[in-house]
Q: 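Dumping the structure here so I can ask a few things about it.
FYI, the numbering just counts along the sequence from 1. Below, all heavy atoms of this structure are taken into account, side chains as well, without hydrogens, waters or symmetry copies.
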Amino acid sequence: EHITSLNFGNNALGDKSDEELIEILSAIPPHIKHLGLSRNRFSKKTGIQLRNIFAAIPPTVNSLDLSWNQLFENNNSDTG
């Protein structure tokens, strides 16, 4: 049997470049069905990147937890 759930939540990964996200996601084994990425300080930029990456690859993950990220806001250090 394989592990089917992987949780990278609460790691404050923050926004990454497209290349970094692709590298991270390509390392996930194909038998993973649930991917937890909650509480990682992702902004709207990363939300769009993730959408585009998952749209371009064959879907193996059928549950993606992105809760407690700022996906509808742009991270801006000037706003504190």
Q: At what distance, to the nearest 0.5 angstrom, does CD1 of Ile24 lie from NZ of Lys16?
A: 6.0 Å
Q: Distance check, rounded to the nearest 0.5 Å: Gln70 atom CD versus Lys45 atom NZ?
A: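 It is 14.0 Å, given to the nearest 0.5 Å.
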Q: Quick check against the 3.5 Å criterion: does Asn69 have a side-chain atom that pairs as donor or acceptor with the backbone of Asn40?
A: yes
Q: Quick test of your reading: applying ring pair (Phe, Tyr, Trp, His ring centres under 6.0 Å), list the pairs with at least one residue in residues 45-68, sequence neighbours left out, ordered by first then second residue.
A: none
Q: What pairs meet the side-chain hydrogen bond (donor to acceptor under 3.5 Å, both in side chains) rule with one or both residues in residues 3-12, with sequence neighbours excluded?
A: none
Q: Determine whether Lys44 and Leu71 make a side-chain contact, defined as any pair of heavy atoms from C-beta on separated by less than 4.5 Å.
A: no
Q: Roughly how far, to the nearest 0.5 Å, is CG of Leu21 from CD1 of Ile53?
A: 4.5 Å
Q: Under 3.5 Å, which donor-acceptor pairs do the side chains of residues 25-38 form with other protein atoms, sequence neighbours left out?
A:
from	atom 1	to	atom 2	distance (Å)
Ser26	OG	Ile22	O	3.0
Ser26	OG	Glu23	O	3.1
His31	ND1	Ile3	O	2.8
His34	ND1	Ser63	OG	2.8

Q: Measure the CZ-CG distance between Phe42 and Asp15 for me, rounded to the nearest 0.5 Å.
A: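 So the CZ of Phe42 and the CG of Asp15 are separated by 8.0 Å.
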